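This report refers to the structure that appears directly beneath it.
All of these numbers come straight from a predicted model, not from anything done at the bench.
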Amino acid sequence: MEKITIPSQEIPILSHVDVLVLGAGPAGVSAAVCAARQGAKTLLVEQMGDVGGIATIGLMSHWTGNTVGGFYEEILQRSSESEEPSGCFNGGMRQVINPERLKTILLEMLEEAGAAVRLYTFACEAIMDGNRITGVILQSKAGREAVMAKVVIDASGDGDIAASAGAPYYIGRENDGAMQPMTIMFKVAGVDMDRAVFPGGFEDTIEIPAGEIQALGRKKLPHPAGHVLLYRSTLPGIVTCNMTNCINVDGTNPDDLTKATAACRRQIEPIAAFLREYVPGYENCYVISSSSVVGVRETRHFRGEHTITEEDILAARVFEDWAVTKAHFNFDVHNVTGEGLDETGSQKNFSQSKGYTIPYGCFVPLEVEGLLLAGRCISGTHMAHSNFRVMPICANMGQAAGTAAAMCAKSATLPRNLDVSSLQEKLREQGVSP
């Protein structure tokens, strides 16, 4: 690759903060709110024009998976349009997302907590003092600026700044680097809800006049699309579709992100045509909206002080240094070679019903000081990641990371050296217990 040399430049410092949070998905919003509530001067930076990440701009249908207690429950209380009790999603409406409502509610929660927010701004490079991150360079319409911080939380999903800082990681599946496919969510209107069917999982087999719906999808939809996942929305006659699919792409590569976006968009109209032709209740459906960003499920797995594994989850392990508790989901591994559930995945056959904990050490990357991770890029194996990557669990990761960061900033303690028992005491005050 050819290179050019640019002149050295002075970069203005936008702000000095206690806690800088990168990425405004469920993990990042939760981290920023919880850090600010602890009295930390907090800034949340997001490259898109809304907060909420996949829950909002990603047009996600519902809060997949579950936790009990903690910040996720507060999000549900503020944003849900249903009075149903909390619990794992089983077709009920409490966990169904109205993305437009959620965008505003999350902004309100940030404002109420006193967290500053900077949208339309890309975090592009770590500022280092030896092996300690001391700030981040930002790029926006205002040019290049720097924010200096006592503690940085990378909740960007891909861990871009953690990687820039030199934190060690690997990408995808341990044995071959394969990553789960990408998806663009979209919504169709004009659905007859009294007659419509709603297959919510890869293993949901529903007989329709033309045959079994998943087998029909595999036969009729363009590869690598082929599964049929349809979810009720909060609005009458509107259904959210989780059916586009792009394999063999890397979410840390902008060319692959472009490729995945184009591939998924090409599938939307054929999917809508399939629904109109074959699926009861969808005869008059039409596309009304689609995600503003392609949904990336898996990229970097950082190496941390602790690494959570498939075995830890199956054993419902309660770690001594727990930071997230009562997390529950399944091994939701989307097929890395095509449609449907990967051969390593487990949904209906997932046997662990007790929930599990995530240790604080998973949020503390090796080799870099002053940095915490939150969200799907924490230290965990490929299989464990397929469980903890879902939004309710990520929200409570953000709660733990934000609370820890505020404590570290206040006491001038490195995150690696934080007394976890003192963090757990704070979390118990916030409704989190093992």
Side-chain angles (χ1 to χ4, degrees), residues 19 21-22 27-28 30-31 34-35 38 67 70-71 131-133 150-159 161-163 165-170 174 300-327 329 355-390 393-409 411-428 430 432-434:
V19 178
V21 183
L22 309 172
S30 302
C34 292
Q38 295 296 315
T67 61
F71 195 74
N131 69 338
R132 180 171 181 173
I133 186 169
K150 296 176 182 176
V151 181
V152 174
I153 300 175
D154 192 329
S156 64
D158 301 313
I161 292 302
Y169 65 88
Y170 63 94
E174 289 84 355
R300 298 183 180 101
H301 303 288
F302 284 87
R303 300 187 186 277
E305 289 293 314
H306 198 119
T307 299
I308 190 168
T309 67
E310 171 186 5
E311 292 74 24
D312 293 329
I313 292 173
L314 289 174
R317 186 171 174 186
V318 177
F319 292 93
E320 184 177 349
D321 66 334
W322 58 263
V324 173
T325 66
K326 298 174 182 174
F329 194 44
Y356 62 94
T357 66
I358 300 175
Y360 174 71
C362 291
F363 306 153
V364 183
L366 298 177
E367 300 183 16
V368 177
E369 302 296 350
L371 178 66
L372 285 166
L373 306 168
R376 62 176 168 85
C377 66
I378 68 165
S379 182
T381 64
H382 164 79
M383 285 300 296
H385 161 274
S386 74
N387 191 302
F388 66 64
R389 68 179 175 82
V390 293
I393 299 173
C394 287
N396 280 13
M397 288 187 208
Q399 176 179 19
T403 303
M407 294 172 66
C408 290
S411 61
T413 301
L414 294 174
R416 199 177 317 280
N417 299 333
L418 180 66
D419 176 11
V420 179
S421 64
S422 62
L423 170 62
Q424 292 169 342
E425 183 178 343
K426 291 282 188 185
L427 292 174
R428 282 191 174 96
Q430 298 170 22
V432 177
S433 62

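- Residues meeting the salt bridge (Lys or Arg N to Asp or Glu O under 4.0 Å) test with Arg428, sequence neighbours left out: none.
- In this structure, CE in Met397 is found 11.0 Å from CZ in Arg389, a value given to the nearest 0.5 Å.
- In this structure, CD in Gln424 is found 8.5 Å from CG in Asp419, a value given to the nearest 0.5 Å.
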I'd like a table of donor-acceptor pairs (distance under 3.5 Å, sequence neighbours excluded) in which one partner is a side-chain atom from residues 358-366, with atom names and distances.
| unit_1 | atom_1 | unit_2 | atom_2 | d |
| --- | --- | --- | --- | --- |
| Tyr360 | OH | Pro415 | O | 2.8 |

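- With sequence neighbours excluded, the residues that form a salt bridge (Lys or Arg N to Asp or Glu O under 4.0 Å) with Glu369 are Arg416.
- Of the inter-residue distances, the one linking Ser379 atom OG with Glu305 atom CD reads 9.0 Å to the nearest 0.5 angstrom.
- A donor-acceptor contact shorter than 3.5 Å is absent between the side chain of Thr403 and the backbone of Ala400.
- Residues forming a salt bridge (Lys or Arg N to Asp or Glu O under 4.0 Å) with Lys426 (at least two apart in sequence, or on another chain): none.
- In this structure, Glu320 places its CD atom where only 12 or fewer heavy-atom neighbours from other residues, nucleotides or ligands lie under 6.0 Å away.
- Between the CD1 atom of Ile161 and the CG atom of Leu373 there is a distance of 12.0 Å, given to the nearest 0.5 Å.
- A salt bridge (Lys or Arg N to Asp or Glu O under 4.0 Å) check over residues 378-388, counting only residues at least two apart or in different chains, returns nothing.
- Nearest heavy atoms, Pro434 versus Trp322: CD-CZ2, 3.4 Å.
- A donor-acceptor pair under 3.5 Å is formed between the side chain of Ser30 and the backbone N or O of Ala395.
- Contact between Ala167 and Val368 at its shortest, heavy atoms only, is N-CG2, 3.6 Å.
- Checked by atom type and distance alone, the side chain of Thr67 never pairs as donor or acceptor with a backbone atom of Ile393 at under 3.5 Å.
- With sequence neighbours excluded, no residue forms a ring-ring contact (aromatic ring centres under 6.0 Å, His included) with His382.
- For Asp321, the salt bridge (Lys or Arg N to Asp or Glu O under 4.0 Å) test picks out no residue, with sequence neighbours left out.
- At least one side-chain heavy atom of Ile308 sits under 4.5 Å from a side-chain heavy atom of Tyr356.
- For His301, the side chain to side chain donor-acceptor pair (under 3.5 Å) partners two or more places apart in sequence, or in a different chain, are Glu298.
- Interatomic distance, CG of Leu372 versus CD1 of Ile133, reported as 10.5 Å (0.5 Å rounding).
- Side chain to side chain, Thr357 and Thr325 fail the donor-acceptor criterion of an N or O pair below 3.5 Å.
- In this structure Ser411 satisfies the side-chain contact (heavy atoms from CB on, under 4.5 Å) test together with Thr413, sequence neighbours excluded.
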Q: Apply side-chain contact (heavy atoms from CB on, under 4.5 Å) to Lys326 and Ser433, showing your working.
A: CA-CA 8 Å; Lys326 298 174 182 174; Ser433 62; 3.6 Å; yes
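- Scanning both residues, Gly159 and Phe302, for their nearest heavy atoms gives O-CZ, 3.3 Å.
- Remark: Ala27 engages Ala155, Ala374, Cys394 in a side-chain contact (heavy atoms from CB on, under 4.5 Å) (not counting sequence neighbours).
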Extract all donor-acceptor atom pairs below 3.5 Å that involve side chains of residues 311-319 and protein atoms in other chains or at least two apart in sequence.
| unit_1 | atom_1 | unit_2 | atom_2 | d |
| --- | --- | --- | --- | --- |
| Glu311 | OE1 | Thr309 | OG1 | 3.3 |
| Asp312 | OD1 | Arg317 | NH1 | 3.2 |
| Asp312 | OD2 | Thr309 | N | 3.0 |
| Asp312 | OD2 | Thr309 | OG1 | 3.1 |

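- Minimum interatomic distance between Ala31 and Ile153 (heavy atoms only, all atoms of both residues): CB-CD1, 4.0 Å.
- Qualifying side-chain contact (heavy atoms from CB on, under 4.5 Å) partners for Ser156, counting only residues two or more places apart in sequence or in other chains: Asp154, Asp160.
- Taking CD from Gln399 and CZ from Phe71, the interatomic distance works out to 7.5 Å, rounded to the nearest 0.5 Å.
- Minimum heavy-atom separation, Ala163 to Arg300: CB-NE, 3.7 Å.
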